[in-house]
Protein chains: 2
Amino acid sequence: MRDELRERGLRLTPQRELVLTAVRALGHATPEDIAEYIHRTHPSINLSTVYRNLETLENVGLVLHTHLGHGGATYHAAEEVNHLHLVCGKCGSVGEAPIETAATFVNALADDYGFKTDVTHFAVYGKCTKCSEES
Amino acid sequence: MRDELRERGLRLTPQRELVLTAVRALGHATPEDIAEYIHRTHPSINLSTVYRNLETLENVGLVLHTHLGHGGATYHAAEEVNHLHLVCGKCGSVGEAPIETAATFVNALADDYGFKTDVTHFAVYGKCTKCSEES
DNA sequence: CGCTAAACGCAAATCACTTGCAATTCGCGC
DNA sequence: GCGCGAATTGCAAGTGATTTGCGTTTAGCG
Ligand SMILES: [Mn+2]
Ligand SMILES: [Mn+2]
Ligand SMILES: [Zn+2]
Ligand SMILES: [Zn+2]
């Protein structure tokens with residue numbers, strides 16, 4: 001981490017480290033979630049510092065964000081984004097599936113449109129098993 | 001339209017009709033786009049009325065929204081959502097592809113997870129041909 | 001025509017970030 | 001270790017998008 005940062009003239013501050021730790025601990029976390037988590041041990045960290053560090057860490061490639069719902073983004077540690085998100089529009093549950101599930105789809109888009117798909121950035125939206133049975 | 005609404009005790013107001021017309025005319029439109037479009041002929045319609053009617057029309061099933069970028073939603077006429085959106089994260093361009101491109105993917109999720117995918121709600125995110133060549 | 005509930009316009013409020021700025025602190029150089 | 005300048009922080013104010021409260025208007029059924 002230190003090296004990733006120094007290369008670009010960036011510093012490793014305690015706050016920055018805390019944000020990365022929180023992202024790694026939480027998975028699928030909103031900036032607010034992350035701030036709250038850090039506040040438990042370090043109440044003085046500011047929400048704007050969380051936002052700024054998420055941006056920096058994302059530029060450096062240590063974290064990245066995905067969109068799971070209608071609203072804001074959630075953050076992941078970069079190593080850990082190795083699955084699709086299956087979001088149920090009815091109950092809000094977030095399931096996971098291996099990225100390979102999308103392999104033929106991704107290849108089709110690459111072959112037919114030259115489009116290089118990142119299947120993790122947006123969730124896969126739909127209805128989960130439970131909610132399909134009910135209605 | 002009138003019938004779809006009456007069934008639920010809803011009214012067909014001029015504003016409501018204008019919103020639907022605008023959505024049909026524009027495709028991929030933000031609430032702001034829609035308000036602006038209507039303002040050209042009916043300057044007095046309020047932005048909050050546009051928001052409220054988009055919600056109502058979506059409940060009734062006449063329009064629906066999709067997420068094309070990091071931010072807010074864009075609205076479509078329901079009949080017209082018969083394609084995938086290919087959003088380039090670099091240049092922001094929005095391409096289209098037939099839904100069938102995702103058929104095997106959708107089937108795999110249904111078979112393996114009982115998950116019923118709506119491939120149009122979120123865009124497909126990635127890098128377009130042009131932007132792949134450059135970098 | 002009248003009534004009443006639904007819908008409207010308007011202004012204020014909320015939400016999710018973002019930004020300006022003065023004070024602090026990291027990290028390289030001595 | 002010490003000093004310095006640039007990067008970073010905390011705080012407060014500012015945005016932009018969407019929502020809500022409320023008094024007024026109006027669609028639609030008698
Ligand atoms: Mn949505
Ligand atoms: Mn995004
Ligand atoms: Zn569900
Ligand atoms: Zn592009």
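Order of the sequence lines fixes the chain letters, A, B, ..., with proteins taken first and strands second; residue numbering starts at 1 for each chain. Hydrogens, waters and symmetry mates are skipped; everything else that's a heavy atom, side chains included, is used.
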Which atoms of nucleotides 13-15 of chain D (N or O only) lie under 3.5 Å from a protein N or O atom, and what are those distances?
none

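Rounded to whole Å, atom P of D:dG16 lies 16 Å from atom CG of B:Asp33. A straight line from CG of B:Leu5 to C1' of D:dA27 spans 12 Å, rounded to a whole angstrom. Taking atom CD of B:Glu17 as the reference point, atom C1' of D:dA27 lies 13 Å away to the nearest angstrom. Distance A:His42 NE2 to D:dT9 C1': 14 Å, rounded to the nearest Å. Atom-to-atom, CG of B:Leu18 to C1' of C:dG9 comes out at 15 Å; the value is rounded to the nearest Å. Spacing between atom CZ of B:Arg16 and atom C1' of C:dG9 amounts to 15 Å, rounded to whole angstrom units. To the nearest angstrom, C1' of D:dA27 lies 13 Å from CG of B:Asn53. Distance, A:Glu36 CD to C:dA16 C1': 16 Å, rounded to whole Å.
Taking the six-membered ring for Trp and the full ring otherwise, the centers of A:His85 and A:His121 sit at least 6.0 Å from each other.
Hydrophobic clustering (ILVMFWY, side-chain heavy atoms < 4.5 Å, transitive): A:Val119 and B:Val124 are in one cluster.
Of the N and O atoms on the side chains of A:Thr104 and B:Thr104, at least one donor lies less than 3.5 Å from an acceptor on the other residue.
The shortest side-chain heavy-atom distance between A:Ile34 and A:Leu26 falls under the 4.5 Å cut-off. Between B:Gln15 and B:Asn53, some side-chain heavy-atom pair lies under the 4.5 Å cut-off.
An end-to-end axis angle of 30° holds for the helix from C:dC1-D:dG30 to C:dC30-D:dG1, taken from five base pairs per end and rounded to 10°.
For the pair B:Leu47 and A:Ile45, nearest-nucleotide mapping onto DNA chain D gives the more 5' position to A:Ile45.
For D:dT19, the OP1/OP2 oxygens have no side-chain nitrogen or oxygen of B:Tyr51 closer than 4.0 Å.
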Identify each donor-acceptor pair in which a side-chain atom of residues 107-114 of chain B lies under 3.5 Å from a protein atom, sequence neighbours left out, and give them as a table.
residue, atom, partner, partner atom, Å
B:Asn107, ND2, B:Ala103, O, 3.3

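A salt bridge links B:Glu79 with B:Arg24: the distance from a Lys NZ or Arg NE/NH1/NH2 to an Asp or Glu carboxylate oxygen falls below 4.0 Å.
Atom CD1 of B:Ile38 and atom CG of B:Asp33 lie 11.0 Å apart (nearest 0.5 Å).
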Worked verdict on A:Thr117 versus A:Phe115 for side chain to side chain contact (heavy atoms under 4.5 Å, CB included): CA-CA 6 Å; A:Thr117 305; A:Phe115 191 83; 3.5 Å; yes
One pair to check against ring pair (Phe, Tyr, Trp, His ring centres under 6.0 Å): A:His67 and B:His67. What are the steps and the verdict? CA-CA 9 Å; A:His67 300 274; B:His67 301 274; 8.2 Å; no
Derivation of the ring pair (Phe, Tyr, Trp, His ring centres under 6.0 Å) call for B:His28 and B:His65: CA-CA 8 Å; B:His28 303 170; B:His65 75 267; over 10 Å; no
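The aromatic rings of B:Phe122 and A:Tyr125 sit perpendicular, their planes meeting at an angle over 60°, well past the 30° parallel limit.
Side-chain atoms of A:Arg8 come within 3.5 Å of backbone atoms of A:Asn59 as a donor-acceptor pair (strictly under, hydrogens ignored).
Residues from residues 58-71 of chain A with heavy atoms under 4.0 angstrom of DNA chain D: there are none.
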Expected string for nucleotides 19-30 of chain C under the B/S/- scheme (protein heavy atoms, under 4.0 Å, primed atoms plus P, OP1, OP2 as sugar-phosphate) is BB----BBSS--
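Members clustered with A:Val81: A:Leu64, by chain and number, using a 4.5 Å side-chain heavy-atom cutoff among hydrophobic residues.
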